[in-house]
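The chains referred to below are lettered A, B, ... by the order of the sequence lines, with proteins before strands, and numbering in each begins at 1.
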2 protein chains.
Amino acid sequence: MARPETISRSDLLARLTGVFRSVGYEGASLALLARETGLAKAALYHRFPGGKEEMAHAVLNDVGRDMAVTVLRRLDGAGSPRQKLSAMRDGVVEFYDGGKLSCLADLFSVEGVPDAIRSPLAGGIHAWMAAIARVVEQAGVGPDEAVRRAEDAVVRVEGALVVSRALGSAMPFHRTMERLVDDLLA
Amino acid sequence: MARPETISRSDLLARLTGVFRSVGYEGASLALLARETGLAKAALYHRFPGGKEEMAHAVLNDVGRDMAVTVLRRLDGAGSPRQKLSAMRDGVVEFYDGGKLSCLADLFSVEGVPDAIRSPLAGGIHAWMAAIARVVEQAGVGPDEAVRRAEDAVVRVEGALVVSRALGSAMPFHRTMERLVDDLLA
DNA sequence: GTCTATAGCCCGATAGAC
DNA sequence: GTCTATCGGGCTATAGAC
């Protein structure tokens, strides 16, 4: 733990993530990113020579890894389909802090955000839907219907986050999460 | 029709709406707004002395009126609940151009957008949910369940728009719209 | 690897002629 | 009611000392 004045890359990424996830890509000015990380702008450029776009890309990768651990991984391995889907739902609630955090697929998919940031979003969403569909199929649902339900589940999560943010209340998100598993297995 | 070089307020609002709805509040620079309307920045300030914030507010009011006509009004008057909800769904498809347009409740609810713009969003969403719930109740569904389904319908519309935008495909939106009415009346 | 200072540009907003 | 020209400031990004 030498040089305690040097912030670790994971701490730094967590701070950057917090900014991008609350104000979006265009709202995340370098001044704000510097203030929230405690670093000078030049120090941020030392760590991310590509500037804001590279920071957003790193944040996207980091959030993707976090999502893989907190949400996707819970759909793997042993356990009944209901157990795994319930574990995923708990992971979703944790990942979005009970509906208080926005999804990067929402904030980063807006026109004007660089394509290098927007393009990877589709893959993440497809991976999530595919992982859900696989477990729903394990519950005995036909492949096409499983894919349809998985898409609907992701649609509901994204929509619940938007509605909760616009209403300033986490209740729509929690009500949506309450029914997510039952509707996938209905 | 004197002075054809003067753009009408409704045409002007439509152009402004197009910009805000595609790039969001922070992405809508005055240079872009001026370019898309064909007016100089100073001319925009003549019509909207409050600047960008007043333009966004006017756009919000205009889109709200459009939504009231294209979506909400179809839930009133005669017809069976299914007929009215189907008409609303068709209005939603039209209003969001088959899933290609974003919802202002999504774009304008992000942190950093002025409160005067963010605050009115909640009322619009509540009004929409209430109008749906009223028709679902007319179909014989209990009040609490009707409110729950109405919230879920709005959640699905918002989520389908986000997922479609992030995937670059209108298919999730259309699949969601296909099932909207049946699920409200199930 | 961090900092201060600053370049150069685009931002929102305004002055003033027509 | 429109325009050109411009202001002050915040933006992304960089230079260079330590």
Those residues of residues 17-35 of chain A lying under 4.0 Å from DNA chain D by at least one heavy atom
Ala28(A), Ser29(A), Leu30(A), Ala31(A)
Please test Val110(A) against Tyr25(A) for side-chain contact (heavy atoms from CB on, under 4.5 Å), starting from the C-alpha separation and ending with a verdict.
CA-CA 9 Å; Val110(A) 178; Tyr25(A) 185 83; over 6 Å; no
Do you see a donor-acceptor pair shorter than 3.5 Å between the side chains of Ser119(B) and Asp115(B)?
no
Nearest heavy-atom pair of Ser109(A) and Ala166(B): which atoms, and what distance?
CB-CA, 3.8 Å
CD1 of Ile7(B) versus P of dG1(D): gap in Å, rounded?
14 Å
Is Asp11(B) paired with Arg15(B) through a side-chain N to carboxylate O contact shorter than 4.0 Å?
no
Of the residues in residues 41-53 of chain B, which ones touch DNA chain D at a heavy-atom distance under 4.0 Å?
Ala42(B), Ala43(B), His46(B), Arg47(B)
Could you walk me through whether Arg89(B) and Asp182(B) pass the salt bridge (Lys or Arg N to Asp or Glu O under 4.0 Å) test, one step at a time?
CA-CA 11 Å; Arg89(B) 179 210 52 212; Asp182(B) 283 345; over 6 Å; no
Check ion pair Arg134(A)-Asp76(A) (N to O, under 4.0 angstrom):
yes
Quiz item: cation-pi between Arg21(A) and Phe95(A), 6.0 Å / 45°:
yes
Under 4.0 Å between a side-chain nitrogen and a carboxylate oxygen: does that hold for Asp152(B) and Arg175(A)?
no
